[in-house]
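Here's the structure, in structure tokens; my notes come after.
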Amino acid sequence: MKTLIINGTIVDPSQKLEGKGYLRIEDGKIKECALGEAPKALNDEKVIDAKGAYVTPGFIDLHVHLREPGQESKETIESGSNAAVAGGFSTIVCMPNTIPPIDHVSLVKFILLEGKRVGKANVLPTGTISKGRAGEELSEIGEMYKAGIVAITDDGSPVMNSFLMSRASEYAKMFDLLVMDHCEDINFKGSMNEGFYSTKLGLRGTPSISEEIMLMRDILVAGYTGGRIHLQHVSTGLGIYMVRDAKSRGVKVTCEVTPHHMSLTDADLETYDTNFKMSPPLRTEKDRQKLIEGLMDGTVDCIATDHAPHTYTNKDVEFDNAPNGIIGMETALPVSYTTLVKENKMPVMRLVELMSTNPAKILRLKAKGSLKAGSDADVTVWSADTEYKIDTAAFKSKARNCPFQGKSVYGKVNLTIVGGEVKYEA
Amino acid sequence: MPWTKKDLLGLEKLTAEEITIILDTAKAFSQIATRSIKKVPALQGKTVVNLFFEPSTRTRVSFEVAEKRLSADIVNVNIAASSVTKGETLLDTVKNLCAYRIDAIVVRHSCAGVPHYLAENIEPSIVNAGDGMHEHPTQALLDIYTLREKFGDLKGLKVAIVGDISHSRVARSNIWGLQKLGAKVTVVGPSTLMPREIEKMGEGVEVSYDLPATLKKVDAVNMLRIQREREQQVQFPSLREYARYFGLSTKLIDQTPESLIVMHPGPINRGVELSGTVADGPRSVILQQVTNGLAVRMAVLFLVTGGTKISEE
């Protein structure tokens, strides 16, 4: 199948390409990507008019929870894939904290098969670091790697045992496999960020150091083993500072920031709305400003959603008893665009780098995150000219645990192409 | 200005005028306790549910007596919070109660924000009888009532609150309420039990770790009950050491100005935060607080269920 996308603004950080141009797709691959006047369409070529829209490499979310197997009432690989393409994500990386956890090659194969059967976004599994996510012994990492995992992580939980973490990092290094960590010292227990607002609301606070201590631990481990560690959902200003410092010393760490941490703060919890409860928690305005600084200056490698679906019933309870997490794939582009480009003057090129180019690099996906000829034809066409209000009722995800309902935003996905095929059209 | 609120969720969102309405109404109700027939028909035909998800004797009894003296019909529901999390959701439990067309719910829960959550989702009036570490408005109102009784106008009054400030809803409600009426609050306790940035709760709030020095400068001291449960074992080393630094002993009370009054929300750990002699001594207003609590709770129930300001006949 052949496709020609015309009249759009091509933005491809991998080639430093930005401007009016065209894109040619053939047999699931990018055939040609160039600026300037589009050539005449071939007879067998489907033409897509992207007038007024950006044409960028497909977004990659390296942090989502699809809940399957085990918690299908929250989300499935199918509903999650639909949410992904509706949010402009052509590739998603699912976390292994399912029930049972993805700690064995059989489960890795199940995720891959089900992802292919659904056939929307590319669904890439991760495997657990420890068997049963129990934090005690290593999973069969090599076996799972062979079956197709793109990273190991115990996400949902941190790896509290530093000895195990250093062994995991050392072992994964053999395969150049990424280790991702949810940085949290679980001995600190709380429902929100510790600070003025936790004092005021009478909710138990989790201090920023609970995250920073583990983040520093991981930086030390990565520096010592030489392995690659990806720090998930960094939420504090000091965390950004530590990552910046580690990178300047050549430590192989990368990090992500979520759209909610860059746009919301602990002051938003005043209503006790459980859709503002997640781990790590929303931090202070000062932290938020430092996250934006890190996103702007290159310290932060990518944006990831930590899409964490829960049923209405799960969340409609006392604040302390509500589970952590919010969904994010269908609000990632508008929230990030509005926060970074509209409010903080980030170049669109940098936004695309954060949402596509860099996550592909972190995952070593050589054929993705780029519009270069020969790359996989994963393309997101989106526009940002009109303001609209987020409406969770229209979401493809099964879940509605979203703090952005009714928020005025810019940035809307028009079309998501995966492997040369249109998988979502607004 | 008349009372307009359907609920009493906390003191943070109340104005000084609203607090004054409650206190004035309580003053009027306080007379009832002195009569031979201690009952008025103010809530006749109304149903009040005392919904306690946390064990409570004092507050529950105080509310119950208040409701009886107002002639309300009462239902007491005591549920261990844990059994709710296992089965029925909180909202289902409460909506079932609401199906009986009840008029008010007095709720206590170990999770902060529960009264607010209920108020948003159901019709009857909600009176917060303590939510987690958040607020305990009727306790603070009775403390303030007692202070007003002793000192008149609260403007410029200095009050120390001593103990586990971190976990105390009594402290938070007092901080909001006292400041609104112009009083200043010094919170005193071990640094591990002092919540972060508490001084941002208002310009009238000060933090101190020195009880003897603080007591020389204040008009009243509110000694909070100190508990040393599982989690507290890393918060401070022992009750003995706590008492040494933050307990109000006979020796210490003798070094304070004669006018200083001693309050305690109860139940007292005699010999820990408060010596028995001080608790029973002339400075103590602890039992007056209990008596005043009744009038304050009658006033609150009366106002939230739609009563207008009663006259002091």
Side-chain angles (χ1 to χ4, degrees), chain A residues 73 185-212 236-238 265-277 281-287 310-324 401 403 405, chain B residues 9-13 53-54 81-82 84-86 88-95 107 109-121 128 130-137 165-173 175-176 187 193-202 205 207 230-231 234:
Chain A
S73 59
D185 182 329
I186 55 167
N187 294 302
F188 294 92
K189 291 181 178 77
S191 297
M192 68 174 291
N193 180 51
E194 183 173 79
F196 171 64
Y197 287 98
S198 64
T199 294
K200 186 179 170 187
L201 296 171
L203 290 168
R204 205 163 296 244
T206 310
S208 49
I209 55 169
S210 144
E211 178 178 346
E212 290 153 357
T236 78
L238 201 53
T265 67
D266 56 357
D268 290 305
L269 273 83
E270 290 242 32
T271 57
Y272 293 98
D273 183 342
T274 58
N275 285 332
F276 290 83
K277 183 180 177 185
L282 296 172
R283 304 286 187 188
T284 66
E285 175 61 17
K286 208 169 143 192
D287 288 308
H310 292 293
T311 65
Y312 177 74
T313 308
N314 295 147
K315 279 285 200 182
D316 192 21
V317 293
E318 305 87 325
F319 196 90
D320 282 334
N321 295 340
N324 284 314
N401 51 318
Q405 168 66 5
Chain B
L9 303 179
L11 297 192
E12 186 207 342
K13 297 279 178 353
F53 292 92
E54 238 184 26
S82 58
V84 172
T85 55
K86 278 177 202 159
E88 197 174 41
T89 69
L90 171 67
L91 206 51
D92 283 340
T93 306
V94 173
K95 281 185 170 167
V107 63
H109 200 290
S110 59
C111 297
V114 161
H116 309 68
Y117 171 63
L118 296 181
E120 270 176 33
N121 286 287
N128 182 359
D131 65 322
M133 309 182 287
H134 182 227
E135 283 225 42
H136 191 353
I165 307 299
S166 210
H167 296 87
S168 177
R169 50 196 175 208
V170 175
R172 285 172 177 82
S173 285
I175 289 170
W176 294 125
V187 283
L193 295 176
M194 198 59 75
R196 268 177 103 77
E197 304 184 37
I198 188 162
E199 63 287 350
K200 286 192 187 164
M201 282 177 78
V205 181
V207 176
R230 273 158 292 138
E231 186 217 5
V234 293

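Convention: sequence-line order gives letters A, B, ...; per-chain numbering from 1.
- Side chain of A/K315 to backbone of A/K277: a donor-acceptor contact under 3.5 angstrom is found.
- Side-chain atoms of A/D316 and B/Y117 include a donor-acceptor pair closer than 3.5 Å.
- Heavy atoms closer than 4.5 Å to chain A are found in the side chain of B/E12, but not in its backbone.
- A donor-acceptor pair shorter than 3.5 Å cannot be found between the side chains of A/E211 and A/T236.
- If you tally non-hydrogen atom pairs under 4.5 Å between each of B/H134, B/E135, B/E120, B/E197 and chain A, the highest count goes to B/H134.
- For the residue pair B/S110 / B/E54, no side-chain donor-acceptor distance below 3.5 Å is found, with atom types taken as modelled.
- Using bins of under 30°, 30° to 60° and over 60° for the plane-to-plane angle, the ring pair B/H109/B/F53 lands in the tilted bin.
- For chain A, the nearby parts of B/I198 are the backbone and the side chain; heavy atoms of each come within less than 4.5 Å.
- If you measure heavy-atom distances from A/D273 to chain B, you find no contacts under 4.5 Å at all.
- With a 4.5 Å cut-off on non-hydrogen atoms, B/R169 does not touch chain A at all.
- When each of B/P195, B/G10, B/A112 is scored by its heavy-atom pairs under 4.5 Å with chain A, the top score falls to B/A112.
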